[in-house]
Amino acid sequence: MVAAHAAGTVNATMTQQPDRSTPASPSEASASPQDAIPPSPQEAIAAALRRERARAGLSLTEVARRAGIAKSTLSQLESGSGNPSIETLWALCLALDIQFSRLLDPPTPQVQVIRAGEGPVLASAHSEYRTTLLAASPPAARRDVYRVTAEPGHPRDSAPHSRGVVEHIVLCAGRAKVGLAEDPVELEPGDYICYPGDMPHVFEALVPGTWALLISEYS
């Protein structure tokens, strides 16, 4: 009874959203981003399902099979036209191995940039040697280290890696745009960036002879 009541509550909340199918008025079209209408629950869930399925590298068919729902139902939910019950959403969370809250309150990607010459510096008392800690390894994390070389022309677009991967890059020479595909950061030699590797990301050399140190962290 509790589950049935909760499902009805969610459905009622979703169906009471204003109709956004009509064209916006000129005043609405010119509104500032702060005045923009927040996404409806259907839109938030649709975006989360698309994001999490891409992150997991699973097809519509496979996620629907794992969740025990029709592929057409999942397709409707991902397009924002469905009206899911709590039971359906729970099944999808299990299929995608995510917490229920990620469907309505997705985490903000953690991106950190440290420019050359920034950060806490420790110096040796016996030689001209200094070190700057850029990122500490979390407990139980594993890291692979790579040397990356790139030339201008075609960006390296990377699909999401496995869940929880974080990439760290120190640009050693040249100039590049690096980070999340939707918002890369321009780096110069000595700059550092870290970003979630389980989201679409990019490395684009802007000048010849660009190379970097790449560390992939798995937890």
Quick one: hydrophobic cluster around Val202, which other residues, with the 4.5 Å side-chain cut-off, linked directly or via members?
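Its cluster mates, by chain and number: none.
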Testing the basics here: between [X] and [Y], what is the closest heavy-atom pair and its distance to 0.1 Å?
{"X": "Val166", "Y": "Cys194", "result": "CG1-CB, 4.4 Å"}
{"X": "Pro208", "Y": "Glu151", "result": "CA-OE1, 3.1 Å"}
{"X": "Arg163", "Y": "Ile98", "result": "NH2-CG2, 3.5 Å"}
{"X": "His201", "Y": "Met199", "result": "ND1-O, 2.7 Å"}

Any chance you could measure [X], atom [atom1], to [Y], atom [atom2], to the nearest 0.5 Å?
{"X": "Leu96", "Y": "Glu52", "atom1": "CG", "atom2": "CD", "value": "7.0 Å"}
{"X": "Arg115", "Y": "Asp191", "atom1": "CZ", "atom2": "CG", "value": "4.5 Å"}
{"X": "Tyr192", "Y": "Glu118", "atom1": "OH", "atom2": "CD", "value": "13.0 Å"}
{"X": "Leu187", "Y": "Ile169", "atom1": "CG", "atom2": "CD1", "value": "7.5 Å"}

For [X], enumerate each residue passing the side-chain hydrogen bond (donor to acceptor under 3.5 Å, both in side chains) test, keeping only those at least two apart in sequence or located in another chain.
{"X": "Arg50", "answer": "none"}
{"X": "Glu204", "answer": "none"}
{"X": "Arg53", "answer": "Glu78"}
{"X": "Ser79", "answer": "Ser81"}

Under the 3.5 angstrom rule, does the side chain of Glu217 hit a backbone N or O of Arg142 as a donor-acceptor pair?
no
Would you find a donor on one side and an acceptor on the other, under 3.5 Å apart, between the side chain of Asp198 and the backbone of Gly164?
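Here the side-chain-to-backbone pair exists.
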If you count every heavy atom of other residues, nucleotides or ligands that lies below 6.0 Å from Arg156 atom CZ, does the total exceed 12?
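For Arg156, atom CZ is not crowded (no more than 12 foreign heavy atoms under 6.0 Å).
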Can you tell me if Trp211 has over 12 outside heavy atoms packed within less than 6.0 Å of its CH2?
yes
Atom pairs and distances, donor-acceptor, side-chain atoms in residues 173-185, under 3.5 Å, two or more places apart:
{"residue": "Arg175", "atom": "NH1", "partner": "Glu186", "partner atom": "OE2", "Å": "2.9"}

Do Thr88 and Ser85 have side-chain N/O donor and acceptor atoms under 3.5 Å apart?
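Side-chain D/A pair, Thr88 to Ser85: present.
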